[in-house]
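Just below is one structure, and these are the notes that go with it.
Numbering starts at 1 and runs along the sequence shown. None of these values were measured; they are calculated from a predicted model.
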Amino acid sequence: KLTPTNGLEKLQSFLNQNTFWARGRNKQQICKMLLNSTVVVSLWHHNQLIGFGRATSDLVFRAVLWDVVIAADQQGLGFGKLMIEAILTNKKIQSVERVYLMTTNSSDFYKQLGFKLNNQQSLLILNKNEH
């Protein structure tokens with residue numbers, strides 16, 4: 001298992017540059033996030049991070065995809081599909097019953113991969129950072 005040089009800094013910078021929801025996460029938070037994720041996948045071109053995604057799961061019934069990101073200049077080349085396949089076929093979660101994800105503006109991408117909108121359930125959020 002190879003660990004990239006300055007991997008945490010590169011991931012922090014990657015998330016800051018390519019997302020709106022994961023901006024401003026510090027290295028300590030990112031490290032804790034990685035340690036508590038069931039599956040973590042990263043995609044590199046030489047020493048440059050171009051893709052990242054992760055999942056959490058109970059390993060039996062449910063898994064949730066989080067932070068699936070492809071660098072803006074690498075989108076449309078099949079890397080997103082590759083990332084999702086790598087996560088979903090990971091031996092830890094490949095047999096869970098149901099995989100959830102939340103997306104703001106990429107639902108068409110996920111529909112191509114077999115995900116379906118579910119109108120029978122509601123997404124509820126308790127935002128503990130709002131006062």
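The main-chain N or O of R25 is found under 3.5 Å from a side-chain atom of Q12 such that the two form a donor-acceptor pair. In this structure, Q48 contributes its side chain and H45 its backbone to no donor-acceptor pair below 3.5 Å. The backbone N or O of E9 sits nowhere less than 3.5 Å from a side-chain atom of N6 that would complete a donor-acceptor pair. In this structure, N16 contributes its side chain and G24 its backbone to a donor-acceptor pair below 3.5 Å.
Between A72 and N18, the shortest heavy-atom distance links the atoms N-OD1, 3.2 Å. When all heavy atoms are compared, the tightest approach of I70 to F14 is C-CZ, 4.2 Å. Taking each heavy atom of V60 and D58 in turn, the nearest pair found is N-OD1, 2.9 Å. V96 and L59 make their closest contact through CG1-C, 3.8 Å (heavy atoms, listed as atom of the first residue, atom of the second, distance). Scanning both residues, L49 and S42, for their nearest heavy atoms gives CD1-CB, 3.8 Å.
In this view, K92 satisfies the salt bridge (Lys or Arg N to Asp or Glu O under 4.0 Å) rule with no residue, not counting sequence neighbours. Judged as a salt bridge (Lys or Arg N to Asp or Glu O under 4.0 Å), and not counting sequence neighbours, the contacts of K81 are E85. Under the side-chain contact (heavy atoms from CB on, under 4.5 Å) criterion, Q94 pairs with K91, sequence neighbours left out.
Connection of F79 to V68 is established within a shared hydrophobic cluster, with ILVMFWY side chains joined at heavy-atom distances below 4.5 Å, either directly or through further cluster members. Cluster annotation: W66 is not connected to F115 through the hydrophobic network of ILVMFWY side chains, with a link wherever side-chain heavy atoms come within less than 4.5 Å. One hydrophobic cluster holds both F20 and I30 under the rule that ILVMFWY side chains link at heavy-atom gaps under 4.5 Å. Under the 4.5 Å side-chain heavy-atom criterion for ILVMFWY residues, a single connected hydrophobic cluster contains both I84 and L43. Both M102 and I125 are assigned to one and the same hydrophobic cluster, defined by single-linkage of ILVMFWY side chains at heavy-atom distances under 4.5 Å.
Taking a 6.0 Å sphere around CD of E97, one finds it holds more than 12 heavy atoms contributed by other residues, nucleotides or ligands.
Side-chain contact check for L34 versus L11: some heavy-atom pair is nearer than 4.5 Å. A 4.5 Å side-chain heavy-atom check between I93 and V99 finds every atom pair outside the cut-off. Using a 4.5 Å heavy-atom cutoff, the side chains of V40 and M33 are not in contact.
Residue pairs meeting the salt bridge (charged side-chain N to carboxylate O under 4.0 Å, His left out) criterion with at least one partner in residues 38-55, sequence neighbours excluded, are R54-D67. Pairs of residues two or more places apart, or lying in two chains, never qualify as salt bridge (charged side-chain N to carboxylate O under 4.0 Å, His left out) while including a residue from residues 29-53. Sorted by first then second residue, the side chain to side chain donor-acceptor pair (under 3.5 Å) pairs that include residues 99-114, not counting sequence neighbours, are R62-Y100.
Taken from OG in S13 to CG in L8, the straight-line distance is 12.5 Å, to the nearest 0.5 Å. If you take OG on S57 and CD1 on I87, they are separated by 12.0 Å, rounding to the nearest 0.5 Å.
Residue L88 is tested with V39, L65, L113 for a side-chain contact (heavy atoms from CB on, under 4.5 Å); the sole match is L65.
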